[in-house]
Amino acid sequence: MLVKKQTFLLLSFLFLTLLSHAQVSVCSWNIMNFGKSKSDSELAFIATTLNKYDIITIQEVVAGNGGAQAVARLVNILNNKGAQWDYAVSDPTTTDNPSSKERYAYVWKPSKVKKIGKCWLEQNFQKEIDREPYMSTFAYEGKPFTIVSFHAVPKKKNPESEIKYFKLLPALYAKLNLIFMGDFNCPQSNQVFIPLKKMGYATILSNQKTSLKQKCKGNDCLASEYDNMFFNSKRNSTLKAGIVPFHTAFTTLKEARTISDHLPIWSVFKIN
């Protein structure tokens, strides 16, 4: 496993070198049960995985005791890696279902991007969406953009019933350059995304699975095409994008799943 982790770290370093001449890099990761159950060694691995990006948005932060503290612990590790980081953690989402209640987090490098104003939980469809999106506006070289971080209900609970309201957000926030990202629990090919696509929103990934199976079948360890980013192609362009196959750093999928059951997704955006 040591050799695998060394290879993973080398690839991370090469990717960081590539990004040094690029635009703003954004990573979104549903980190399963992100709270006090994460050990120091697991947080160190997560920090190494995320250190290369300018902005990180995290879904599935534990709503109760330990969630916000885990984010603070992660940022402390990141701060010891050279660059300085700042962070914001949302209030718990306002769902009536205690088992669905979560927090979100943003982590960013102030030397690369400036956060404008406060982050906020989107309240317009609070009753219709179980875990309302967490929004924040950043500026890169004076050009603002607003991230809409989201964790949909599981597939069995019909995430389309929530995502259908996203088509209304561009009009509600007409002055903002919205970029939707997170775990949608359905693929980008789902018809619920057609209204956004008709408005000019494009995805960074297509036909790319982003969640982990319980067990690999041969070399096939990925399960579903759930995580993505939707950006306004009239106001932004994506220079590069992909997944971080962090599970390859571990000997078994069971070990990898102690970190998360989802892969991080990333994109390098040029903000027009």
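Sequence positions, counted from 1, serve as the residue numbers for this chain.
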>> If you count heavy atoms of other groups shown closer than 6.0 angstrom to CG of N219, is the number above 12?
In response: no
> Within a reach of under 6.0 Å around CD of Q191, are more than 12 heavy atoms found that belong to other residues, nucleotides or ligands?
Replying inline: no
> Can you find a pair of side-chain heavy atoms, one from F138 and one from K114, that are under 4.5 Å apart?
Replying inline: no
> Would a line drawn from the ring center of F145 to the ring center of F269 be shorter than 6.0 Å?
Replying inline: no
> Below 4.0 angstrom, N of the basic side chain to O of the carboxylate: do D40 and R73 qualify?
Replying inline: yes
> So, do E42 and T258 sit near enough that their side-chain heavy atoms are less than 4.5 Å apart?
Replying inline: yes
> Between the side chains of T95 and N97, does any donor sit under 3.5 Å from an acceptor?
Replying inline: no
>> I need the S260 OG to D183 CG distance, nearest 0.5 Å.
In response: 9.0 Å
> So how far is it from I116 CD1 to T137 OG1, rounded to the nearest 0.5 Å?
Replying inline: 6.5 Å
> So which heavy atom on T248 is nearest to which on P245, and how close?
Replying inline: OG1-O, 2.8 Å
> Are T48 and K81 close enough that a side-chain donor and a side-chain acceptor fall under 3.5 Å?
Replying inline: yes
> Is there a side-chain contact between L222 and L263 (heavy atoms, below 4.5 Å)?
Replying inline: yes
> Between the side chains of N30 and D227, is a donor N or O closer than 3.5 angstrom to an acceptor N or O?
Replying inline: no
>> Between E225 and K209, is the salt bridge (charged side-chain N to carboxylate O under 4.0 Å, His left out) condition met? List the steps.
In response: CA-CA 4 Å; E225 184 188 354; K209 294 178 179 179; over 6 Å; no
> Are the ring centres of F125 and F166 closer than 6.0 Å?
Replying inline: no
> Y165, I163: one ILVMFWY side-chain cluster at the under-4.5 Å cut-off?
Replying inline: yes
> F180 and ring-ring contact (aromatic ring centres under 6.0 Å, His included): which partner among Y201, Y134, F150?
Replying inline: Y201
> How far apart are the C-alpha atoms of V26 and S267, what are their side-chain angles, what is the distance that settles it, and do they pass the side chain to side chain contact (heavy atoms under 4.5 Å, CB included) test?
Replying inline: CA-CA 5 Å; V26 183; S267 181; 5.6 Å; no
>> For F246 together with W29, are the ring centres under 6.0 Å from each other?
In response: yes
>> Is there a side-chain contact between I179 and N232 in this structure, where contact means two heavy atoms from C-beta onward sitting under 4.5 Å apart?
In response: no
> If every non-hydrogen atom of D220 is compared with every non-hydrogen atom of K213, which pair is closest and at what distance?
Replying inline: OD2-NZ, 2.9 Å
> Which pair of non-hydrogen atoms, one from N272 and one from N236, has the smallest distance, and what is that distance?
Replying inline: ND2-N, 3.4 Å
> For V153, does its backbone N or O pair with a side-chain atom of D130 as donor and acceptor, under 3.5 Å?
Replying inline: no
>> Distance check, rounded to the nearest 0.5 Å: I55 atom CD1 versus S136 atom OG?
In response: 8.0 Å
> Would you say the side chains of S111 and Q84 form a donor-acceptor pair under 3.5 Å?
Replying inline: no
>> Quick one about Q126 and N124 (side-chain donor to acceptor, distance below 3.5 Å, no hydrogens or angles considered), yes or no?
In response: no
> Would you say the side chain of F45 lies within less than 4.5 Å of the side chain of I259, judging by non-hydrogen atoms?
Replying inline: yes
> Would a 4.5 Å heavy-atom cut-off, applied to side chains only, mark E162 and E128 as touching?
Replying inline: no
>> Can you give me the closest heavy-atom contact between L78 and A47, atom names plus distance?
In response: CD2-O, 3.5 Å
> Any idea how W120 and Y173 line up, ring-wise: parallel (<30°), tilted (30 to 60°), or perpendicular (>60°)?
Replying inline: tilted
> Side chains of Q188 and K197: do they bring a donor and an acceptor to under 3.5 Å?
Replying inline: yes
>> Please find the pair of heavy atoms, one from R131 and one from S100, that lie closest to each other, and give the distance.
In response: CD-O, 3.1 Å
> Does L205 offer a backbone N or O that forms a donor-acceptor pair with the side chain of Q208 under 3.5 Å?
Replying inline: no
>> Would a single hydrophobic cluster contain both Y226 and V244, if residues Ile, Leu, Val, Met, Phe, Trp and Tyr are joined by side-chain heavy-atom contacts under 4.5 Å?
In response: no
> Are W85 and N51 side-chain neighbours, meaning at least one heavy-atom pair lies under 4.5 Å?
Replying inline: yes
>> Would L239 and Q23 count as a side chain to side chain contact (heavy atoms under 4.5 Å, CB included) here? Give the steps.
In response: CA-CA 8 Å; L239 304 178; Q23 304 294 310; 3.4 Å; yes
>> Can you tell me how far apart NZ (K156) and CG (N185) are? Round to the nearest 0.5 Å.
In response: 11.0 Å
>> Any side-chain to backbone donor/acceptor pair from T203 onto S206? Under 3.5 Å, distance only.
In response: no
> Going through the checks in order, is the side chain to side chain contact (heavy atoms under 4.5 Å, CB included) test met by E122 and V148?
Replying inline: CA-CA 9 Å; E122 211 294 316; V148 184; over 6 Å; no
> Do Y106 and Y87 make the cut of ring centroids closer than 6.0 angstrom?
Replying inline: no
>> For N177, run the side-chain contact (heavy atoms from CB on, under 4.5 Å) check against K143, R235, K234 and tell me which one passes.
In response: R235
> Do N190 and E160 have side-chain atoms, one donor and one acceptor, less than 3.5 Å apart?
Replying inline: yes
> Shortest non-hydrogen contact from A68 to V61?
Replying inline: N-CG1, 4.3 Å
> Is there a donor-acceptor pair under 3.5 Å between the side chain of K115 and the backbone N or O of G117?
Replying inline: yes
> Do any N or O atoms from the side chain of S28 and from the backbone of I265 form a donor-acceptor pair under 3.5 angstrom?
Replying inline: no
> Hey, does K109 have a side-chain heavy atom less than 4.5 Å from the side chain of D86?
Replying inline: no
> Going by atom types alone, do S211 and D261 pair a side-chain donor with an acceptor below 3.5 Å?
Replying inline: no
>> Whether the T94 and E132 side chains hold a donor-acceptor pair (N or O, under 3.5 Å, no angle test) is what I'd like checked.
In response: yes
> Can you check side chain to side chain contact (heavy atoms under 4.5 Å, CB included) on Y104 and V89, steps first, answer last?
Replying inline: CA-CA 6 Å; Y104 297 91; V89 181; over 6 Å; no
